[in-house]
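Start at 1 and go down the list; that is how both ligands and their atoms are numbered. Because only heavy atoms are used, hydrogens play no part in the values below, and waters and symmetry mates are left out as well, while side chains stay in.
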Amino acid sequence: MAQRVAIARALAGEPELLIADEPTTALDVSVQAGVLDLLVDLRDQRGMALILVTHDWGVLADACDRAIVMYAGQIVEDAPTRDLIAAPRHPYSAALLESIPAKVDPGAMLPMIGGTVPPPSNWPTSCRFAGRCRFATDDCTHAPIPLTRTDTGVSRCVHVDRLEEKEAADAVTTA
Ligand code: SF4
């Protein structure tokens, strides 16, 4: 109920854009679904733009057309949600998706991304994810990595081809 009151207050001024930061965190699953449905209905009824800030891929998949993944203060991938979930084009997005508990066999270890996010005082000038990336090479550590076009959107990675190769190999393995 408190979440609904907070949403009602935010909407009282009839905004054209609503930014909801972790709007369903700590809610149980059924209440979470109700709050998400409410936000999506209001978005559609009012023609309002909605930005959800979330760590929950389920929330993203249910409510968002477009996904932007951020790491250490930078956008690292931007693509339609469906494409990003099916075929991530940045190693951080891929590692996050591999860590979804529902994707892991019962009893198996949950995959983790080793290391920690560097503090802002220590952000590298080159790829900020390099210290934790399984695809890192020397090419990743010389200069800032720009966002570049991929087949689905944009990615801040110089080795998108390696992700595509892994995706193709995984597809052969599971076929
Ligand atoms: S640029 Fe290199 S280190 Fe950074 S995400 Fe891509 S492969 Fe990994």
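- In terms of heavy atoms, Asp56 sits closest to Gly58 at OD1-N, 2.7 Å.
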Apply the test side-chain contact (heavy atoms from CB on, under 4.5 Å) to residues Glu77 and Leu84: give CA-CA distance (whole Å), side-chain angles for both, the deciding distance (0.1 Å), then the verdict.
-> CA-CA 8 Å; Glu77 185 169 1; Leu84 194 144; 3.6 Å; yes
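- With sequence neighbours excluded, no residue forms a side chain to side chain donor-acceptor pair (under 3.5 Å) with Thr81.
- Atoms of the protein (N, O or S only) found under 2.8 Å from atom 2 (Fe) of ligand 1 are Cys140 SG.
- Scanning all heavy atoms of the two residues, the minimum distance from Pro144 to Pro146 falls at O-CD, 3.5 Å.
- Put simply, the side chain of Arg156 gets close to the backbone of Ile75: a donor and an acceptor are under 3.5 Å apart.
- Distances shorter than 4.0 angstrom occur between a heavy atom of His90 and an atom of ligand 1.
- No salt bridge links Glu16 with Arg46; every basic N to acidic carboxylate O contact stays at or beyond 4.0 Å.
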